[in-house]
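Step one of this worksheet: look at the structure below.
Excluded from the calculations below are hydrogen atoms, water molecules and symmetry mates; all remaining heavy atoms, backbone and side chain alike, are included.
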There are 2 protein chains.
Amino acid sequence: MDETDELLSIRAAELYYEENKTQDEIGQALRLTRWKVGRLLAQAKQQGFIRIEILHPRARRLPIERRLREERGLDDAIVVSSAGVSGAEELQARTAQAAADYLTALRPVPRTLGVSWGRTLFDISQHLRNGWATGVNVVQINGGVSLNRRPGTAAATAVAIAQKGGGSATLLPSPAILEHLATKEAIESDRVVAGVIELARSADAYLFSAGPADHTSVHIESGYLGDRDVDLLVQKGAVGDVVGRYIDSDGNIVDPALDARTIGLTLDELRAGPLRIAVISGRAKHAVADAVVRSGLCSVLVTDEATALHLLDG
Amino acid sequence: MDETDELLSIRAAELYYEENKTQDEIGQALRLTRWKVGRLLAQAKQQGFIRIEILHPRARRLPIERRLREERGLDDAIVVSSAGVSGAEELQARTAQAAADYLTALRPVPRTLGVSWGRTLFDISQHLRNGWATGVNVVQINGGVSLNRRPGTAAATAVAIAQKGGGSATLLPSPAILEHLATKEAIESDRVVAGVIELARSADAYLFSAGPADHTSVHIESGYLGDRDVDLLVQKGAVGDVVGRYIDSDGNIVDPALDARTIGLTLDELRAGPLRIAVISGRAKHAVADAVVRSGLCSVLVTDEATALHLLDG
DNA sequence: CGCGACGCTGCTCATATGAGCAGAATCGCA
DNA sequence: TGCGATTCTGCTCATATGAGCAGCGTCGCG
């Protein structure tokens with residue numbers, strides 16, 4: 001397109017999109033045939049001069065979702081729009097809402113849903129409507145009894161999801177990470193705990209998030225790990241954690257000893273699930289989102305636009 | 001529009017604008033008639049959920065231009081888009097380009113064009129094409145021999161506009177502001193100077209900018225005023241200057257004594273011109289732009305989107 | 001200078017879309 | 001509950017738009 005046509009296409013676009021003139025009227029104004037106007041508008045679009053945004057908290061980016069499915073091999077992807085977002089927490093809320101919407105629309109409705117816990121999962125539980133399902137049983141897939149915070153946020157999440165879905169929750173009564181391997185093995189061999197994990201293994205779907213490998217991690221907040229521990233994990237290549245297990249950028253466990261002291265489904269058990277919905281958003285989680293997708297931990301990803309574009313274009 | 005319809009309208013908009021589906025196809029996908037889809041899309045637009053931007057350095061905002069004409073009584077207005085602008089200087093460049101475009105398209109072509117000088121006018125002169133007019137005579141309308149900077153930027157501006165327009169420039173060989181009233185009167189009574197000012201009074205069109213009343217003012221840079229002087233002017237209510245004359249928010253001269261020492265057209269003489277094109281953009285000039293428009297100093301305004309919106313919505 | 005190839009123009013025709021309207025459904029109020 | 005008022009729905013019809021195509025001009029190359 002030469003200079004003159006480029007300028008004309010902009011003038012035409014202004015009249016078409018801002019003034020709602022017909023292509024015929026624009027032709028008269030610019031002394032062009034209406035066909036020429038149509039072609040100029042097509043060129044303007046094709047050259048990317050026209051940007052159309054949908055400004056709404058529930059808006060999604062379907063073309064990006066398609067690319068995630070096609071280029072990253074996901075079964076499904078939900079990408080919320082970042083258009084007009086004020087701050088990071090708004091993006092979290094939008095993503096949580098989208099995850100809740102996805103769960104609600106999910107067919108067939110899972111009879112047993114395995115869930116992790118954390119800030120993201122809690123948000124999702126809050127965004128779910130009462131009656132989002134009828135009779136969903138929720139089971140925790142990793143340990144989550146908090147050590148120093150008000151106990152029960154993990155439990156509250158699972159219970160809320162279950163109650164609003166007209167079912168009941170099965171809690172995993174255990175800390176996330178134990179200090180000694182022996183303790184972990186003892187807890188794991190407990191009848192109740194073993195039963196819960198067994199139930200978790202057989203869930204129809206998993207819903208989980210991932211945490212960043214930095215000092216904002218919920219594991220530090222909960223007292224399972226110290227700043228020091230996280231620094232060491234990062235040194236070993238950790239980009240974040242999934243169900244309490246720290247992984248590197250390829251999705252491999254970075255510290256097998258630590259992993260052995262972590263209660264809940266293993267990553268391979270998680271990966272064996274038929275439907276694995278990961279909900280991951282925010283700048284800090286770009287790297288771990290990539291690792292989760294790369295290693296096939298999730299089959300469905302709910303995320304924000306910026307994270308999605310990071311996964312696609314680096 | 002209730003919650004359900006709002007959500008549906010967003011889904012429809014995604015399919016329509018991002019996936020290029022027809023309303024009929026969307027109807028099938030969402031189990032709606034195509035008429036319902038059309039109505040949902042109309043509602044989405046009307047509620048402002050759909051934003052269409054034209055991303056191009058030459059893009060203008062026609063609806064805002066119309067409002068400026070209608071609500072601020074301008075004969076014409078040119079508003080450049082701020083969409084996708086990286087920094088302040090890009091906005092200046094866009095505005096200067098728009099002013100150059102406006103001059104080039106101006107009919108009838110003015111035989112004599114009165115110009116002020118400054119950063120903005122210089123930019124315009126650079127953006128004009130060679131041969132933008134044939135035989136335009138340019139005359140300076142205010143004094144502009146710089147005291148401490150390389151002399152001639154003012155002259156270079158007028159000369160460039162004239163040369164590219166196939167005409168010649170008449171310079172006003174005088175400083176902008178004199179220290180003593182007597183000196184000013186002496187210079188003004190000089191045959192040559194008086195002749196130039198007389199020619200300036202009879203120009204077919206004026207092209208000028210305005211400066212902010214702050215320490216970035218070109219009058220400080222040129223040595224006509226000190227930081228102290230400007231502070232005093234601001235105290236007296238100055239919002240900026242036009243052709244070297246400082247005005248308050250109603251367009252009145254704030255310091256008559258200073259004004260009397262300023263060489264060039266008076267504001268009333270400027271206001272008497274048949275076509276008065278002001279080119280004003282940038283955050284710092286919002287107040288002075290308002291004063292210029294409010295007091296009828298310009299009949300045509302070339303500006304940026306943010307400044308225009310400031311003039312319209314405060 | 002001649003000739004083929006390419007791109008651009010203005011058209012016809014098919015399709016997509018918006019305006020307007022009559023009947024159906026819903027609402028509000030007694 | 002009944003009834004008028006209002007909104008909503010699905011339609012017809014007019015219009016706007018995009019696809020495709022033949023003719024023209026222009027360009028590059030021999």
### Task
Using the test side-chain hydrogen bond (donor to acceptor under 3.5 Å, both in side chains), find all partners of B/R129 that sit at least two apart in sequence or belong to another chain.
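Partners of B/R129 by the side-chain hydrogen bond (donor to acceptor under 3.5 Å, both in side chains) criterion come out as none, since no residue qualifies.
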
Given atom [atom1] of [X] and atom [atom2] of [N], what is their separation to the nearest angstrom?
X: B/D5; N: D/dT7; atom1: CG; atom2: C1'; answer: 12 Å
X: B/D2; N: D/dT7; atom1: CG; atom2: P; answer: 14 Å
X: B/L15; N: C/dT17; atom1: CG; atom2: P; answer: 12 Å
X: B/L32; N: D/dC8; atom1: CG; atom2: P; answer: 15 Å
X: A/K21; N: D/dT15; atom1: NZ; atom2: P; answer: 18 Å
X: B/Q43; N: D/dT9; atom1: CD; atom2: P; answer: 9 Å
X: B/I26; N: C/dT17; atom1: CD1; atom2: P; answer: 8 Å
X: A/L30; N: C/dT9; atom1: CG; atom2: C1'; answer: 17 Å

Give every donor-acceptor pair under 3.5 Å between a side-chain atom in residues 80-88 of chain B and any protein atom, sequence neighbours left out.
unit_1: B/S81; atom_1: OG; unit_2: B/A83; atom_2: N; d: 2.9
unit_1: B/S86; atom_1: OG; unit_2: B/E90; atom_2: OE1; d: 3.3

### Query
Got a sec, which pairs hit salt bridge (charged side-chain N to carboxylate O under 4.0 Å, His left out) with one end in residues 22-32 of chain B, sequence neighbours left out?
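Found none.
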
### Task
Examine D/dC8: is either OP1 or OP2 under 4.0 Å from a nitrogen or oxygen in the side chain of B/K36? Give yes or no.
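For B/K36, the contact criterion (side-chain N or O under 4.0 Å from OP1 or OP2 of D/dC8) is not met.
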
### Query
Phosphate oxygens OP1/OP2 of D/dT9: is one of them under 4.0 Å from a side-chain N or O of B/T33?
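Looking at the OP1 and OP2 atoms of D/dT9, neither is under 4.0 Å from any side-chain N or O of B/T33.
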
### Query
Per the end-axis method with five pairs at each terminus, what is the bend angle of the helix from C/dC1-D/dG30 to C/dA30-D/dT1, to 10°?
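Rounded value for the end-axis angle: 40°.
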
Residues two or more places apart in sequence or in another chain: which of them pass salt bridge (charged side-chain N to carboxylate O under 4.0 Å, His left out) with [X]?
X: B/R294; result: B/D290
X: A/D313; result: A/R67
X: A/R66; result: B/E19

### Message
Less than 3.5 Å apart, any donor N or O on the side chain of B/T112 or B/N137 sitting next to an acceptor on the other?
### Response
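The answer is no; no qualifying pair exists.
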
For a quick test of your reading: what N or O donor-acceptor pairs under 3.5 Å do the side chains of residues 34-46 of chain A make, sequence neighbours left out?
unit_1: A/K36; atom_1: NZ; unit_2: A/D5; atom_2: OD2; d: 3.2
unit_1: A/Q43; atom_1: NE2; unit_2: A/R39; atom_2: O; d: 3.4

### Query
Can you give one letter per nucleotide of nucleotides 18-24 of chain D, 5' to 3': B if a protein heavy atom sits under 4.0 Å from the base, S if only from the sugar-phosphate, - if neither?
S-B----

### Message
When you compare the side chain of A/I10 with that of A/F49, does any pair of heavy atoms fall below 4.5 Å?
### Response
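Answer yes - side chains close enough.
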
